[in-house]
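A short worksheet on the structure shown next.
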Amino acid sequence: MPRRVRGGDKGMTYARITILVENTVRDRGLLAEHGLAFWIERGSKRILFDTGQGHALRNNAQKLGVPLESADAVVLSHGHYDHTGGLCDALKMTRDTIVLAHPAAFAPKYARNPDGTARDIGIPLLDERKVKGLANLIGVHGPREICEGLYLTGPVPRLTDFEDTGGPFFVDEACRHPDELPDDQAAFLETSAGTVVILVCAHAGVINTLHYVRQLTGHRPIHTVIV
């Protein structure tokens, strides 16, 4: 359900995470949908991490008092519709913002139905060219600091032999070529108590992602995993 998670340490920049979109709600007036969106406040910076399907984002932000128009950056964890459907609305509300995403987020994406047919599960309404017309699009090819103490993993190495992408995903409508989802990435915050990891779908694998975050942080302990 949309809620706030607070975090901060003496001598470190304050952080607050608001879950704007997920598949359950508790309070009157909020909308639930299959998808995720986070509002991350780190010091003076405001980051929209994913946008849900797009039906609930604007409503929930208004109800929770989140000023989407003030976003300094919009980050896409990967290119599936349930995380990017609200991108068009978000970019219409913001001015001079940046979008951070792996280039593969804009590639064709399909899922195979049980009857063998395929459905398009890629970014709706927008392609890479249109996003560039609305914002400063920055490709994420590796680990990247978004603002002080807040980072993206970039593509996650696939090392385990028991994790897969989590579904019948393909880059073609005929479902002949699997989508390995190289665009999948997580975010993480550094605190004095340890690392706070924000997983979304973790198509690269939860264990792969957490191992990689540990590697990127010099094997600091993981304090919290938000998933």
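Only heavy atoms go into these numbers, but all of them, side chains included; no hydrogens, no water, no symmetry mates. Residue indices begin at 1 and follow the sequence shown.
No donor-acceptor pair under 3.5 Å is formed between the side chain of D120 and the backbone N or O of Y110. Judged by distance alone, with hydrogens and angles left aside, the side-chain atoms of T191 form a donor-acceptor pair with the main-chain N or O of A193 at under 3.5 Å. The backbone N or O of K130 sits less than 3.5 Å from a side-chain atom of D127, completing a donor-acceptor pair. Side chain of R46 to main chain of A71: no donor-acceptor pair is present (N/O by atom type, distance under 3.5 Å, no hydrogens or angles). Listed for the R42 side chain is a donor-acceptor partner under 3.5 Å among the backbone atoms of E148.
For CG of D96, the number of neighbouring non-hydrogen atoms (other residues, nucleotides, ligands) closer than 6.0 Å is 12 at most. Remark: Q62 CD is loosely packed, at most 12 non-hydrogen atoms of other residues, nucleotides or ligands lying under 6.0 Å away.
One hydrophobic cluster, built from ILVMFWY side chains closer than 4.5 Å, cannot hold both L126 and I121; they sit in different ones. Hydrophobic clustering of Ile, Leu, Val, Met, Phe, Trp and Tyr side chains at less than 4.5 Å, counting indirect connections, unites I40 with V140.
Residues forming a side chain to side chain donor-acceptor pair (under 3.5 Å) with D82 (at least two apart in sequence, or on another chain): H34. Remark: H102 engages no residue in a side chain to side chain donor-acceptor pair (under 3.5 Å) (not counting sequence neighbours). The side chain to side chain donor-acceptor pair (under 3.5 Å) search around D183 returns K109, not counting sequence neighbours. Under the ring-ring contact (aromatic ring centres under 6.0 Å, His included) criterion, F106 pairs with no residue at all, not counting sequence neighbours.
One distance of note links CG of L64 with CG of N60; it measures 6.0 Å at 0.5 Å rounding. Put simply, CG on L57 and CG on L31 are 10.5 Å apart, with the number rounded to the nearest 0.5 Å. In this structure, CG on L91 lies 5.5 Å from CG on L134, to the nearest 0.5 angstrom. H219 NE2 to R214 CZ: the interatomic distance, rounded to the nearest 0.5 Å, is 6.5 Å. From F170, atom CZ reaches atom CD of E180 across 10.0 Å, with rounding to the nearest 0.5 Å. Note that CD1 of I98 is 4.0 Å distant from CD1 of I138, once rounded to the nearest 0.5 Å.
Taking every heavy atom of both residues into account, V21 and G52 meet most closely at CG1-CA, 4.2 Å. The nearest pair of heavy atoms linking D50 to L36 is CB-O, 3.4 Å. Taking each heavy atom of I198 and I17 in turn, the nearest pair found is CD1-CD1, 3.7 Å. Closest approach of L68 and T94 over heavy atoms only: O-CG2, 3.3 Å. Residues G86 and T51 share a closest heavy-atom pair of N-OG1, 3.0 Å. Heavy atoms only, all atoms of each residue included: V227 and V200 are closest at CG2-O, 4.3 Å.
Counting heavy atoms from C-beta outward, E163 and I207 have side chains that approach closer than 4.5 Å. With contacts defined as side-chain heavy-atom distances shorter than 4.5 Å, the pair Q185/P155 does not qualify. You'll find the side chain of T84 reaches within 4.5 Å of the side chain of P124, heavy atoms only. Contact check for F38 versus I226: side-chain heavy atoms found under the 4.5 Å cut-off. Side-chain contact between P103 and H141: present, with at least one pair of heavy atoms (C-beta onward) separated by less than 4.5 Å. Under the 4.5 Å side-chain criterion, counting only non-hydrogen atoms from C-beta, L199 is in contact with V225. With a 4.5 Å cut-off on side-chain heavy atoms, L100 and I146 count as touching. The shortest side-chain heavy-atom distance between L48 and V75 does not fall under the 4.5 Å cut-off.
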Apply salt bridge (charged side-chain N to carboxylate O under 4.0 Å, His left out) to residues R58 and D89 and explain how you reach the verdict. CA-CA 8 Å; R58 187 189 292 259; D89 268 353; 3.6 Å; yes

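Applying the ring pair (Phe, Tyr, Trp, His ring centres under 6.0 Å) test to residues at least two apart or on different chains, the pairs with a partner in residues 185-210 are H78-H203, H80-H203, Y151-F188, F169-H203.
Checked for salt-bridge contact, K45 and E41 miss the test: no charged N lies under 4.0 Å from a carboxylate O.
With V197 as the partner, the side-chain contact (heavy atoms from CB on, under 4.5 Å) test is satisfied by one option alone out of L189, T153, L210, T224: L210.
L159 shares a hydrophobic cluster with no other residue; no ILVMFWY side chain has heavy atoms under 4.5 Å from its own.
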